[in-house]
Amino acid sequence: MGRIRVLSDQVANQIAAGEVVDRPASVVKELLENSLDAGANRIRVEVEAGGRKLIRVSDDGCGMNRDDALLAFERHATSKLRTADDLLRIGTLGFRGEALPSIASVARVTLETCTGEEGTAGTRLEIAGGKILRVEDAALPRGTTIAIADLFFNTPARRKFLRAESTELAHVTALVTHYALVHPEKHFELLSATHTIVSAPPVARTAERIYQIFGKETLAQLLPVAAETPLERAGLPEPPPWKKDPDEPPRDPGTLRLSGFYSKPELQKLNRNSIYIFVNKRLIRDRLLMHAITEAYRNVIPPTSFPVVLLFLEMPAEEVDVNVHPAKTEVRFRQQSLIHDFVRDSLRTALVKARPAAGFLAALDAQPTASPSLMPPSTSPLPGAPDSEPLNADGAEPFELTPRMPAPVNARLDFGAAENGGSQRPAFDPRTFDR
Ligand code: ADP
Ligand code: MG
């Protein structure tokens, strides 16, 4: 029995639609997400010519039988979703059933996949420009290898928008790096025709993964943070009283958990490209959380610089709507202000606790630097994002020197920003750190 079904029109029409394949990194993103959803523990990504010529992703996940392998290339065919209700609690990275057909319509695809079940053969499938050219049995290990050759070979208009190989490769690298960060227990590799770009065997903790990927220096400048809070109410609307079963115990709204790493004040960046936000292991862009982070660092670093933050948030799937953006890089929280304040306060508390005696002063004297960067130069963390984002380009609130509200955690800490007479730098009084 196959696992993949074609969604009914009624469900399909409720899915945020749009073109997801615009460059090699977006292909890699979809393929990586599929491998992770398939439960893979080892994922290998190979690219040639920045991904234009070839992208190959191999995993040791659950694989597909022949029927599923064919069905996977149909529009809205997915094993991850059945009903419109499932859209309210998506626990997988994918759910739209559109990535493989979109990719296959603009490239030459070879799929090799095997479930590894006794007595079933693996399948090899060739597709070009959306047409199935060949299907055959093949002896294969459990897992899936999908190769995408000649991306946009039949859509010259889109091919024209591809940047230099090095730029495309940088975007791919950023993407593999992010997924490697959020899954330290899995083995990730990224190889170009000539180099090993990422090699990250499994490790026990995120800190070790940061060390593997970014090295000792970056890790030394980061501090861990962890916090959790019970969610006040369940994310889904309660049934009306007359429909409620009185014997049913009240639903547990679950817990909001935060973990991650944040930079000491000395480490300052010129843009927000070193702020990574993961919600339920999905890398997202989010203005709300970006704002919470900036609030936490308010008066700790100058308003024109940005910290390095790796933020991992975990919450029940019902609390977050991931069906709002075609590339699944944006989400909507059901309890926005609770999450915003929790992130701001947890980070702020950690920052205040961790402050070294003269650290903040040193931080102010340090000029923001562009390196060492967590990213290859001029690369934004998500595919499709502009390469160098001017500050506030996303319409986020401009930064202010004067806090609009009292410092959230320790109101006694007076950073003196208000008295600073309009200078670009808020004044810091070292004496406030002596108590
Ligand atoms: P979605 O991920 O939204 O379901 P895709 O078009 O990306 O849609 O994939 C379609 C289906 O193909 C998935 O639902 C899954 O069942 C199957 N599939 C894709 N990639 C893999 C893989 N690497 N391993 C196992 N199954 C896969
Ligand atoms: Mg997918």
Side-chain angles (χ1 to χ4, degrees), residues 11 14-16 33 36-37 39 78 80-96 181-185 206 224-262 275-296 309-325 328-351 353 405-406 408-410:
V11 179
Q14 291 184 41
I15 288 177
E33 293 188 348
L36 290 166
D37 283 342
T78 178
K80 304 170 192 176
L81 194 73
R82 292 280 143 91
T83 66
D85 264 6
D86 296 342
L87 277 174
L88 299 175
R89 51 183 86 82
I90 291 167
T92 47
L93 293 165
F95 54 89
R96 309 163 69 239
L181 279 172
V182 78
H183 290 284
E185 76 289 358
T206 307
V225 56
E228 63 174 60
T229 187
L231 282 158
E232 278 155 13
R233 62 174 172 82
L236 293 175
E238 288 287 317
W242 61 90
K243 274 198 182 164
K244 240 185 186 162
D245 178 356
D247 296 333
E248 201 186 309
R251 201 201 334 228
D252 176 11
T255 306
L256 174 60
R257 291 196 173 80
L258 174 155
S259 63
F261 289 82
Y262 64 98
I275 299 177
Y276 305 121
I277 301 167
F278 298 86
V279 172
N280 291 350
K281 300 200 163 40
R282 182 192 303 277
L283 178 69
I284 57 149
R285 270 193 289 250
D286 189 79
R287 281 169 53 184
L288 179 83
L289 295 181
M290 201 53 95
H291 183 262
I293 293 169
T294 340
E295 285 278 297
V309 176
L310 303 178
L311 186 71
F312 305 103
L313 285 175
E314 298 285 336
M315 64 193 79
E318 307 88 74
E319 288 291 330
V320 44
D321 185 2
V322 295
N323 182 26
V324 293
H325 187 268
K328 299 165 291 180
T329 53
E330 285 168 25
V331 297
R332 199 176 296 126
F333 298 107
R334 284 186 214 282
Q335 307 197 54
Q336 290 206 9
S337 56
L338 184 145
I339 289 173
H340 172 275
D341 294 358
F342 174 68
V343 167
R344 178 198 61 199
D345 295 351
S346 305
L347 265 185
R348 186 79 183 178
T349 309
L351 267 168
K353 258 199 217 136
M405 46 190 119
V409 178
N410 186 345

Discussion item. Contact between P316 and L231 at the side-chain level, heavy atoms closer than 4.5 Å - yes or no?
Written reply: yes

Item to complete: Hey, could you give me the CG/CG distance between N323 and L88, rounded to the nearest 0.5 Å?
Response: 9.5 Å

Discussion item. Nearest 0.5 Å, please: how far is CG in L288 from CD in E330?
Written reply: 12.0 Å

Practice prompt. Mind running side chain to side chain contact (heavy atoms under 4.5 Å, CB included) on L289 and I275 for me, showing each step along the way?
Written response: CA-CA 10 Å; L289 295 181; I275 299 177; over 6 Å; no

Worksheet item: Of the options K80, K328, R282, K281, which is the one that meets D37 in a salt bridge (Lys or Arg N to Asp or Glu O under 4.0 Å)?
Response: K80

Worksheet item: Between atom CG of L81 and atom CZ of F95, what is the distance when rounded to the nearest 0.5 Å?
Response: 8.0 Å

Discussion item. Could you work out, with side chain to side chain donor-acceptor pair (under 3.5 Å) as the rule, every residue matching R257, not counting sequence neighbours?
Written reply: E228

Discussion item. Any heavy-atom pair between the side chains of L338 and F333 that's under 4.5 Å?
Written reply: no

Worksheet entry | T255/T229 under side chain to side chain contact (heavy atoms under 4.5 Å, CB included): CA gap, chis, key distance, verdict | CA-CA 6 Å; T255 306; T229 187; over 6 Å; no

Worksheet item: Listed by chain and number, what are the salt bridge (Lys or Arg N to Asp or Glu O under 4.0 Å) partners of D86, not counting sequence neighbours?
Response: none

Fill in: Audit row: V225, F261, side chain to side chain contact (heavy atoms under 4.5 Å, CB included) steps and yes/no
CA-CA 6 Å; V225 56; F261 289 82; over 6 Å; no

Worksheet entry | From CG (L256) to CD (E319), nearest 0.5 Å | 8.0 Å

Practice prompt. Report the distance from atom CG of L351 to atom OG of S346, rounding to the nearest 0.5 Å.
Written response: 11.0 Å

Fill in: Partners meeting ring-ring contact (aromatic ring centres under 6.0 Å, His included) with F278 (sequence neighbours left out)
F312

Worksheet item: What distance do L313 atom CG and S259 atom OG have between them, rounded to the nearest 0.5 Å?
Response: 8.0 Å

Fill in: Set of salt bridge (Lys or Arg N to Asp or Glu O under 4.0 Å) partners for D321, sequence neighbours left out
R332

Discussion item. Contact between T329 and I284 at the side-chain level, heavy atoms closer than 4.5 Å - yes or no?
Written reply: no

Fill in: N280: side chain to side chain contact (heavy atoms under 4.5 Å, CB included) partners, not counting sequence neighbours
E314, M315, V320

Discussion item. Can a donor-acceptor pair be found, under 3.5 Å and without considering hydrogens, that links the side chain of R344 to the backbone of I293?
Written reply: no

Worksheet entry | Student check: side-chain heavy atoms of Y276 and V309 closer than 4.5 Å | no

Discussion item. Contact between L283 and I277 at the side-chain level, heavy atoms closer than 4.5 Å - yes or no?
Written reply: no

Response to the item:
Residue set satisfying side chain to side chain contact (heavy atoms under 4.5 Å, CB included) with E185, at least two apart, ordered chain then number -> H183

Fill in: Audit row: E295, R348, salt bridge (charged side-chain N to carboxylate O under 4.0 Å, His left out) steps and yes/no
CA-CA 8 Å; E295 285 278 297; R348 186 79 183 178; over 6 Å; no

